[in-house]
Amino acid sequence: MVTRRHALTAPAATLSAYALSGLGRKSLLPIAGPAEAQENHESGIVRRFVRLRSGRHVHYRRAGSGPPLVMVHATPSDSSSWVSRMRELGQHFTCFAFDTPGFGRSDPLPKPMMNVTDIGNSVAETMQALNLPPCPVLGTHTGASVSLELASRHPHLVTGVVLDGLGLFDENELKEWFDGYFVSMVPDTYGGHLTSMWTRFRDQSIWFPWQTRLPEHLMNRSPSSAQRIHDRLLIFYLCAKHYEPAYRSSVFYGKTGIKSAERLETPAVIMASEGDVLFTHLDRLPPLRSNQTIHPLGPDWAQKHALELASLERFKSAGESPPDDPQLAGSTGVGKQFVDLPSGQVLVRYSGEPTLTPLVLLHDAPGSSLALEPLIESLGRYARVIAFDLPGCGESGPLPVREPAIADFADVVASVCGRLGVREADFFGVGVGASVAIETKAAYPELARRLALKGVFLATPEEREDMKRKATPAIEIKDNGSHWYDTWMMLRDSLIWYPWYGKNQESLRRTGQDFSADHLHDWMMEVMKQRTAYHHVVQAAIAQRADRSLAKIPGPTLICHDSNHAWSAAYDGKLTDVTREYESIRVAPEIEAQADQLAAFFVA
């Protein structure tokens, strides 16, 4: 029986939302089934991953109840573009909105396969992996092209398609409009891509196509707000390294699309609204079958949505939606899945055989468990490794508390373990994650067996106060997009100085660090996903008195010295004054060797 050792510090109304099923009388919440957890999440939408036989992960959103409906987004976007529509259609259907390969959080296909036909085939594979019965499919713009390919090539999976804005560009338009349109984003070592991409996306709301910048191509509307540009960039950056093949093939779809429409036997409703650049493309469709209709619509969105709903109701599946039962599927490589808590969803990364001893990895911050992926995979040889994005980091939403304490994060760790059926585990925490691991061991001693820590925060009261004010500045959206560059430089500077805002000779770290553009860009993205909450767990660690908690912890603790880690370099010398029982190693820089070192401690 695992019980909480100390009193909870957050408001009672918030604490009642936490869970640790079966681990003691002071359980943080009873385990909620998928339906109950779903009701507690914003908009009634849950996020999931399904792992295909190839090992590729497909991310999707699920909402509503009733027979299934598949929704395919436009490019370059992701399933988040369907959120408001899922609220409405979820009253009639169980909506499944997939991130297509290489977009959102779904793994890409190999580049040579990133065309519309291959994406349509991948959606078919995902539907089969989820055991969906034949059901209607709704696609918009490039998603309409993908849906047409899906229905024409896999008619046994589709009861009918609703296609909104099917693009069928001719050769002259492709040459005139799209020459120079597809510009790949390559992260720049000095962050220059952040400025150029902001300008590009701003221009996309001023001209069509955006690269023309001619009077006749000006759009008759106001430019997008800074918030809108920021949101679109966030989505674009997730797919920017591999979006071009899929997007290009979706636009250059004219001849292929006409042939697929000629081949289509599935019932279909094809529509476009007045003012849509694809409105005139309705006239380019070949003669259709008697169960397929074309609908030119006015600018009234209500009219379009009514037609969509009526058509989807007509195409409604006779089968039931499969139960929402997220699994940690597979044991090879690094898997991903969301765990549901009433306070929100938490992304879990995992590896190793389920029968092995559980090992929980807690990441440093700012950042997410993405930084630990190589270690997660390597340690999977020895343990069932579970690592997750702490609340307010990466893919995990923030806690519903204005200033959560380190105890609140320990509660979430225990809750996630409870939902995964983990009653006892070893823990390895890095930096901020070490602070959470210490608190988890202090609060749930039966859950946390052995601890390995790298970078324990043992600052003086003066250092704590200084870091509280300066270490995690607010990331506020600016009209010129400079908040992206500011965040990039904050992270980059943290590799040069400690603290990062010191920027003086005394603060120089003088250690080898990864300043590569890809590393900095990926790190920045994990922060930007939660820009309004990224500071929560950092500030909680700054406020924690780790020395007091560490002195009370029973059992063996391994201190991993790493001169490349700022907190380890700054504070490891103080550990002898606060720890009663510990071992120490200097961790190897190579991931495989480091995994061997950690395994030797945990397996001993």
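These figures come from a predicted structure and were not determined experimentally. One is the number of the first residue; the rest follow in order along the sequence.
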Run the salt-bridge test on [X] and [Y] with the 4.0 Å N-O cut-off and return the result as yes or no.
{"X": "R51", "Y": "D107", "result": "no"}
{"X": "E583", "Y": "R450", "result": "no"}
{"X": "R419", "Y": "D340", "result": "no"}

Report yes or no: does [X] contribute a side-chain atom to a donor-acceptor pair with the main-chain N or O of [Y] at less than 3.5 Å?
{"X": "D99", "Y": "S79", "answer": "yes"}
{"X": "R464", "Y": "Q544", "answer": "yes"}
{"X": "H565", "Y": "G455", "answer": "no"}
{"X": "H57", "Y": "K336", "answer": "yes"}
{"X": "W484", "Y": "G191", "answer": "no"}
{"X": "E526", "Y": "G394", "answer": "no"}
{"X": "W500", "Y": "A471", "answer": "yes"}
{"X": "R105", "Y": "H59", "answer": "no"}
{"X": "Q513", "Y": "I496", "answer": "no"}
{"X": "R449", "Y": "E424", "answer": "no"}

Problem set entry | Polar side chain donor-acceptor pair, Q539 to T472, under 3.5 angstrom |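 Yes - a donor-acceptor pair under 3.5 Å links their side chains.
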Exercise. Any luck finding a side-chain donor-acceptor pair between S80 and D78 under 3.5 Å?
Worked result: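 Result is yes, a qualifying pair exists.
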Problem set entry | Contact summary for V385 and G380, nearest pair of heavy atoms |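 Of all heavy-atom pairs spanning V385 and G380, the closest is CG2-N, 3.7 Å.
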Problem set entry | F236: which of F103, W198, F201 passes ring-ring contact (aromatic ring centres under 6.0 Å, His included) |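 The option that passes is F201.
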Problem set entry | ring-ring contact (aromatic ring centres under 6.0 Å, His included) partner of F338, the single match among F388, F49, Y60 |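 Answer to the ring-ring contact (aromatic ring centres under 6.0 Å, His included) test with F338 among F388, F49, Y60: F49.
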Once you round to the nearest 0.5 Å, how far does [atom1] of [X] lie from [atom2] of [Y]?
{"X": "F409", "Y": "D411", "atom1": "CZ", "atom2": "CG", "value": "10.5 Å"}
{"X": "R48", "Y": "R62", "atom1": "CZ", "atom2": "CZ", "value": "8.0 Å"}
{"X": "I475", "Y": "D486", "atom1": "CD1", "atom2": "CG", "value": "9.0 Å"}

Exercise. Taking everything shown except R469 itself, do over 12 heavy atoms lie less than 6.0 Å from its CZ?
Worked result: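 For R469, atom CZ is crowded (more than 12 foreign heavy atoms under 6.0 Å).
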Exercise. Is the number of heavy atoms from other residues, nucleotides or ligands under 6.0 Å of Y190 OH greater than 12?
Worked result: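 Incorrect, the count does not exceed 12.
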Validation: residues 369-377 side-chain donor-acceptor distances under 3.5 Å, sequence neighbours left out:
residue : atom : partner : partner atom : Å
S369    : OG   : R349    : NH1          : 2.7
S369    : OG   : D389    : OD1          : 2.5
E373    : OE2  : R349    : NE           : 2.9

Exercise. After noting the C-alpha distance and the side-chain angles of K574 and D547, does the key distance pass the salt bridge (charged side-chain N to carboxylate O under 4.0 Å, His left out) rule?
Worked result: CA-CA 9 Å; K574 297 183 177 182; D547 52 342; over 6 Å; no
Problem set entry | Geometric class of the H521/H193 ring pair [parallel <30°, tilted 30-60°, perpendicular >60°] |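 Tilted, since the angle between the ring planes falls between 30° and 60°.
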For this session: Could you label the plane-to-plane angle of the Y243 and Y247 rings as parallel, tilted or perpendicular, counting under 30° as parallel and over 60° as perpendicular?
Result: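 Correct class here is tilted.
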Side chain proximity check, [X] to [Y], heavy atoms < 4.5 angstrom:
{"X": "T357", "Y": "L359", "answer": "no"}
{"X": "P366", "Y": "V538", "answer": "yes"}
{"X": "D514", "Y": "W523", "answer": "no"}
{"X": "L520", "Y": "L495", "answer": "yes"}

For this session: Mind checking side chain to side chain contact (heavy atoms under 4.5 Å, CB included) for A543 and listing every partner two or more places apart, or none if nothing turns up?
Result: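 With neighbours one apart ignored, the set is empty.
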For this session: Please report the C-alpha distance between H536 and D408 in whole Å, then the side-chain angles of each, then the deciding distance to 0.1 Å, and finally whether the side-chain hydrogen bond (donor to acceptor under 3.5 Å, both in side chains) criterion is met.
Result: CA-CA 11 Å; H536 285 173; D408 298 324; over 6 Å; no
Exercise. Any chance the rings of Y382 and F602 have centres within less than 6.0 Å?
Worked result: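 Centroid distance Y382-F602: not below 6.0 Å, so no.
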